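Treat the numbers as computed from the prediction; the structure is a model and nothing was measured. Side chains are part of it too, since the values below use all heavy atoms of this structure and drop only hydrogens, waters and symmetry mates. Chain letters run A, B, ... following the sequence lines, proteins first and then strands; every chain starts at 1.
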There are 2 protein chains.
Amino acid sequence: MANSQRTARYRELAAALRAEVRSGVYSEGGRLPSEEALAVAHDVSRGTVRQALALLRAEGVVTSRRGTRRVVLEQPRVQSFAALSSFTRWARSLGEEPGGAVVASQWRAADAVEAERLRLAAGARVLWVLRLRTLGGEPVMVERTVYPEPVGELVASLPPDAVSVTEGLEAHGVVLADADHTLDLTLADAEDARLLDCPLAAPLLRERRRTSDPTGLPVEWSEDRYRAGTVAFTVHNSLATTALARTRGDA
Amino acid sequence: MANSQRTARYRELAAALRAEVRSGVYSEGGRLPSEEALAVAHDVSRGTVRQALALLRAEGVVTSRRGTRRVVLEQPRVQSFAALSSFTRWARSLGEEPGGAVVASQWRAADAVEAERLRLAAGARVLWVLRLRTLGGEPVMVERTVYPEPVGELVASLPPDAVSVTEGLEAHGVVLADADHTLDLTLADAEDARLLDCPLAAPLLRERRRTSDPTGLPVEWSEDRYRAGTVAFTVHNSLATTALARTRGDA
DNA sequence: TAGTGGTCTAGACCACTCG
DNA sequence: GAGTGGTCTAGACCACTAC
């Protein structure tokens, strides 16, 4: 049942260093100790230290350059993968009260785009769900999600007023491991306007997201539309790590 | 002058594997050979193979899970850091004709936000530049950039019709290494509307970006506003690598 | 020239998946 | 139980920075 695996040492070390940066032990613009010094201090090999630092590097907590010690960057805002996959967890991490209700839901045949994104055959049976998400009671986002058949069965079995679908899925052993997000802008259609209580054609920030499990199998394909001013997305990238692209609109 | 350092083996290996995935040697949803097999085939140690695979992992090219071989994911759209830092390079990578012109430019004292973002003292002298960017002659984006003094001197020395500022800076030895991007939505003000040839209060996709050099020193702080439908941003993230955050709007 | 991060090796053990 | 990826070690050499 439980997850009894010990946390890797490099993750513990990364967490410790992250906390030290946050608490000001290493100040912004300052330098970290050398890898060798960290290895001795924490009684691990240099390889383990480097694994920990690679994590912080990808998060934008520190830079690195051959020849000089690592530089502490400004405190970035990076969230765990879990907080990104789950509206509920995101809201809680903000200290806000998340709400969610299923507005409509139906089994239907996947259209061409959905089938392609979920790697299903065209016309495969999928569960389509329309949800309204609120923050502190205020409508913030409209979510239209499509689930492939086996996952859909689980979702359908959840109570319709379940606040967190993600947590419901996890309870059934579904593991989310990878996500691709595409961010652009769209205008509110009649349904959006009604649900979000905004004018027709009001601008909305659109996030299209495909989430997969560790085997690469798509678990959900979702289009979320946020009211203007309610959300922003932040990305860190660098010469060493890039997972960001700018693309021509739609296409 | 030239950059004579050899490419690291793991980067060569990553490039080779990337090419093989792209060319269909390993098909989508298929499995990669084991790390051990790759090590033998390419005559490197397993550690080097793992470094290469870590790159592909961060890019979303392959997944990984203990116990089974790596799975090839759908071909992701990831761009080099250079293509993200430079409008010109991005446009070229699309096969479109980039254009850019300085609309206005002035030395002035940094305001509170600019000073904070560039890590300068409040009131420090900065170069502010307003540019209009076009794609195939069509106005696409308005860019308002602030440079700290030394970088500003270089920018000011470039010809005002220089298409690529980034390349101009690189020619003077400025290296861009890290960037933070915040994406949200805003409305066109009078200046935006005039330059982009769109209605007042038309929705625009806003990217605020701070780019730093390898020592962590901010090199530019920019607010770019794209016309609706001209651009989208794509991000890949995973349990292993997260560099993405969703934040409350503005705040 | 000393110190530091980048690359690479060879080997070990473990946790997990799957037949 | 065999195969595979995840973690960790100990050591080596190199490229680059800074003094």
Presence of A/Arg50 side-chain N/O under 4.0 Å of C/dC8 phosphate oxygens OP1/OP2: no
Below 4.0 Å: OP1/OP2 of C/dT17 and any side-chain N or O of B/Thr68: no
Gap separating the OG atom of B/Ser64 from the CZ atom of B/Arg69, nearest 0.5 angstrom: 14.5 Å
Separation of atom CZ in B/Arg9 from atom C1' in D/dC14, rounded to whole Å: 14 Å
Whole-Å gap separating P (C/dG11) and CD (B/Glu35): 17 Å
Length of the CZ-P vector between B/Arg31 and D/dG3, whole Å: 17 Å
Side-chain touch A/Arg18/A/Leu56, heavy atoms, less than 4.5 angstrom: yes
Rounded distance (Å) that lies between atom P of C/dC13 and atom CZ of B/Arg46: 14 Å
Distance test, side-chain N/O of A/Tyr10 to OP1/OP2 of D/dC8, below 4.0 Å: no
Given DNA chain C, 5'-ward residue of the pair A/Ser34 and B/Ser45, judged by closest heavy atom: A/Ser34
Atom-to-atom span, CG of B/Leu239 to C1' of D/dG6 - whole angstrom: 14 Å
Nucleotide D/dT7, atom P - distance to NE2 of A/His42 in whole Å: 18 Å
Presence of A/Ser64 side-chain N/O under 4.0 Å of C/dG6 phosphate oxygens OP1/OP2: yes
Spacing of B/Arg69 atom CZ relative to D/dG6 atom C1', expressed in whole Å: 17 Å
Side-chain N,O (B/Arg65) to OP1/OP2 (D/dG3) below 4.0 Å: no
Side-chain donor-acceptor pair present, A/Thr145, A/Glu220, cut-off under 3.5 Å: no
Geometric cation-pi criterion, B/Arg246 with A/Trp90: 6.0 Å, 45°: yes
DNA chain D: 5'-proximal contact among A/Gly47 and B/Thr215 (nearest heavy atom): A/Gly47
Distance in angstrom units between B/Glu36 CD and D/dG6 P, rounded: 15 Å
Presence of donor-acceptor pair under 3.5 Å, side chain of B/Arg66 and base of D/dG3: no
base_contact_polar (D/dG6 base, A/Arg11 side chain, donor-acceptor, <3.5 Å): no
Short side-chain N/O contact to C/dT7 OP1/OP2 from B/Thr48, under 4.0 Å: no
Flag side-chain contact, heavy atom, 4.5 Å: B/Leu244 against A/Gln79: no
